[in-house]
*Asks:* 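The structure that follows is given in the form of structure tokens.
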Number of protein chains: 2
Amino acid sequence: MNIGNASDKSGLPAKTIRYYEDIGLLKPDRADNGYRDYSISDVHKLRFLQRSRGLGFTVEECRQLLALYEDKSRASADVKSIAQSKLQEIERKIVELRELQHTLKHLVAHCHGDQRPDCPILESISGAARPDPS
Amino acid sequence: MNIGNASDKSGLPAKTIRYYEDIGLLKPDRADNGYRDYSISDVHKLRFLQRSRGLGFTVEECRQLLALYEDKSRASADVKSIAQSKLQEIERKIVELRELQHTLKHLVAHCHGDQRPDCPILESISGAARPDPS
DNA sequence: CTTGACCTTCCAGTTACTGGAAAGATTACC
DNA sequence: GGTAATCTTTCCAGTAACTGGAAGGTCAAG
């Protein structure tokens with residue numbers, strides 16, 4: 001399939017897909033007319049990239065996981081240890097998001113949403129998170 | 001306090017703190033010797049930036065929230081609507097992280113962690129997430 | 001057979017830092 | 001007081017990961 005189609009199915013802009021090819025993450029076939037030709041498997045990889053990049057993993061980290069995916073001869077212990085360290089990162093990110101969610105909910109609950117100035121809540125954003133231990 | 005100190009307390013590298021000043025996010029005082037002099041309030045703002053940037057909000061989004069924080073004459077409805085749209089983004093991010101967490105846990109559970117190749121799990125990464133509706 | 005929607009490459013610009021050089025200020029030690 | 005280490009300053013260059021746009025080739029519809 002063409003790049004536009006792959007873009008639709010993966011959720012990545014065509015520009016980004018070409019960029020990923022540039023940096024060697026993916027190597028689609030080429031049709032006779034020179035157009036890139038993406039397989040279903042390529043689209044799966046793109047979708048995986050879309051998800052993991054969107055969640056804050058670097059391209060290099062994604063490259064590791066993709067490499068493991070493609071290199072069947074690699075010991076699965078590699079996969080396991082990489083996945084486990086990523087799981088810790090994910091857990092941490094979720095906790096941080098919950099904290100920010102809490103702060104913002106507090107903000108919404110206490111702001112009046114009318115024309116009154118002096119919304120006192122944003123102060124809690126800067127201070128309330130993790131109080132200075134000093 | 002000096003930038004090194006502010007860096008320690010905010011968790012942001014000094015380089016990044018100077019960059020934030022460059023782009024107008026923050027304007028610390030200057031001591032007689034030309035050194036930047038950060039107040040407690042500055043550190044609060046830096047910590048807020050550290051948290052929200054680390055969670056994927058753009059610098060421009062952070063600038064909005066900081067601007068609201070500093071401009072008391074602004075109607076609090078602004079704060080409320082911005083915060084609410086951010087809350088939706090946060091909720092979405094948490095859901096995506098949970099999905100990735102699920103996928104990776106599945107991976108860890110089914111990989112043997114020994115020398116055996118042919119770890120069959122990574123296939124689930126690329127395919128299992130959201131099956132192609134076609 | 002042309003119009004418009006694709007696709008190609010290439011090059012430049014953007015965002016958000018990050019590293020390093022050169023030089024001034026401060027602190028710590030002898 | 002000297003001096004070495006450790007700040008700090010500015011400035012300029014580089015990186016990561018895209019993103020936009022020009023110039024041009026390809027393809028399906030009318």
Side-chain angles (χ1 to χ4, degrees), chain A residues 1-39 42-43 45-67 86 89 93 96-97 100, chain B residues 1-39 42-43 45-67 86 89 93 96 100 134:
Chain A
M1 86 191 62
N2 284 349
I3 197 169
N5 208 330
S7 169
D8 290 346
K9 291 199 177 172
S10 67
L12 287 169
K15 276 274 182 189
T16 303
I17 296 177
R18 289 194 199 98
Y19 170 72
Y20 286 167
E21 184 177 348
D22 270 9
I23 62 172
L25 280 183
L26 201 73
K27 197 178 303 223
D29 284 349
R30 292 284 178 144
D32 291 346
N33 57 12
Y35 285 19
R36 290 169 180 82
D37 183 20
Y38 294 88
S39 68
D42 288 332
V43 171
K45 289 174 199 169
L46 289 171
R47 196 154 53 197
F48 172 63
L49 288 169
Q50 195 276 326
R51 283 202 300 150
S52 46
R53 284 290 299 126
L55 294 171
F57 293 101
T58 69
V59 165
E60 285 316 307
E61 290 170 328
C62 295
R63 190 195 301 276
Q64 285 185 323
L65 285 166
L66 269 187
K86 297 298 171 233
E89 285 179 51
K93 274 171 191 282
E96 284 180 33
L97 277 169
L100 190 54
Chain B
M1 88 189 63
N2 284 349
I3 197 169
N5 207 331
S7 169
D8 290 345
K9 291 198 176 170
S10 67
L12 286 169
K15 276 276 183 188
T16 303
I17 296 177
R18 289 194 198 98
Y19 171 71
Y20 286 167
E21 185 177 347
D22 270 10
I23 62 172
L25 280 184
L26 201 73
K27 198 179 303 223
D29 283 350
R30 292 285 177 145
D32 291 347
N33 57 13
Y35 285 17
R36 290 169 179 83
D37 184 19
Y38 294 90
S39 67
D42 288 332
V43 171
K45 289 175 199 168
L46 288 171
R47 197 154 54 198
F48 173 63
L49 288 169
Q50 195 275 327
R51 283 203 299 150
S52 47
R53 283 291 300 126
L55 293 170
F57 293 101
T58 69
V59 165
E60 284 316 307
E61 290 169 328
C62 295
R63 190 195 301 276
Q64 285 184 323
L65 285 165
L66 269 187
K86 296 300 169 233
E89 285 179 50
K93 274 171 191 282
E96 283 180 34
L100 191 54
S134 76

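Basis for what follows: all heavy atoms, side chains included, without hydrogens, waters or symmetry-related copies. Each chain gets a letter, A, B and so on, in the order its sequence line appears, and its residues count up from 1.
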*Asks:* Rounded to the nearest 0.5 Å, what separates atom CZ in A:Phe48 from atom CG in A:Leu25?
*Replies:* 10.5 Å
*Asks:* Considering all heavy atoms of both residues, which atom of B:Thr58 and which atom of B:Arg53 are nearest to each other, and what is their separation?
*Replies:* CA-NH1, 3.6 Å
*Asks:* Expressed as a whole number of angstroms, how long is the span from B:Met1:CE to C:dT26:P?
*Replies:*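 Atom-to-atom, B:Met1 to C:dT26, this comes out as 18 Å.
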*Asks:* CG of B:Leu25 versus C1' of C:dC17: gap in Å, rounded?
*Replies:* 13 Å
*Asks:* Could you tell me whether the side chain of B:Ser10 and the main chain of B:Val43 form a donor-acceptor pair under 3.5 Å?
*Replies:*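 Such a contact is absent between B:Ser10 side chain and B:Val43 backbone.
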*Asks:* Under 4.0 Å from OP1 or OP2 of D:dT10: is there any side-chain N or O of B:Arg30 that close?
*Replies:*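 Answer yes for this pair, as a side-chain N or O of B:Arg30 is under 4.0 Å from OP1 or OP2.
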*Asks:* Which pair of heavy atoms, one from B:Ala14 and one from B:Ser7, lies closest together, and at what distance?
*Replies:*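 The pair with the smallest heavy-atom distance is N-OG, 3.7 Å.
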*Asks:* B:Arg63 CZ to C:dT15 P: how many Å, rounded?
*Replies:* 10 Å
*Asks:* Nearest-Å distance, CD (B:Glu21) to C1' (D:dT10)?
*Replies:*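 Rounded to the whole Å, the gap is 12 Å.
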*Asks:* Detail all sub-3.5 Å separations between protein N/O atoms and N/O atoms belonging to nucleotides 3-6 of chain D.
*Replies:*
none

*Asks:* Tell me the interatomic distance from A:Asp22, atom CG, to C:dC11, atom C1', rounded to whole angstroms.
*Replies:* 12 Å
*Asks:* Roughly how many Å is it from CG in A:Asn5 to P in C:dA5, rounded to a whole number?
*Replies:* 18 Å
*Asks:* Work out which heavy atom in A:Leu46 is nearest to a heavy atom in A:Ala6; give both atom names and the distance.
*Replies:*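 Smallest heavy-atom distance, with atoms named: CD1-CB, 4.2 Å.
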*Asks:* From OH of A:Tyr38 over to C1' of C:dC6, roughly how many Å is that when rounded to an integer?
*Replies:* 14 Å
*Asks:* The criterion is side-chain hydrogen bond (donor to acceptor under 3.5 Å, both in side chains); which residues satisfy it with A:Arg36, sequence neighbours excluded?
*Replies:*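 side-chain hydrogen bond (donor to acceptor under 3.5 Å, both in side chains) list for A:Arg36, sorted by chain: A:Glu21.
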*Asks:* Once you round to the nearest 0.5 Å, how far does NZ of A:Lys45 lie from CD1 of A:Ile17?
*Replies:*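 The CD1 atom of A:Ile17 is 13.5 Å from NZ of A:Lys45, to the nearest 0.5 Å.
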*Asks:* If the sugar-phosphate is the primed atoms plus P, OP1 and OP2 and the base is the rest, what is the B/S/- string for nucleotides 17-30 of chain D, using protein heavy atoms under 4.0 Å?
*Replies:* BBSBB---BBS---
*Asks:* Find the distance B:Asn2:CG to C:dA25:C1' and express it as a whole number of Å.
*Replies:* 10 Å
*Asks:* Under 4.0 Å between a side-chain N or O of B:Arg18 and OP1 or OP2 of D:dT9?
*Replies:* yes
*Asks:* Applying salt bridge (charged side-chain N to carboxylate O under 4.0 Å, His left out) to B:Glu60 and B:Arg63, what does each step give before you reach the verdict?
*Replies:* CA-CA 5 Å; B:Glu60 284 316 307; B:Arg63 190 195 301 276; 3.0 Å; yes
*Asks:* Find out whether A:Glu61 and A:Glu89 are in side-chain contact, i.e. whether some heavy atom of one side chain is under 4.5 Å from a heavy atom of the other.
*Replies:*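 A:Glu61 reaches A:Glu89 side chain to side chain.
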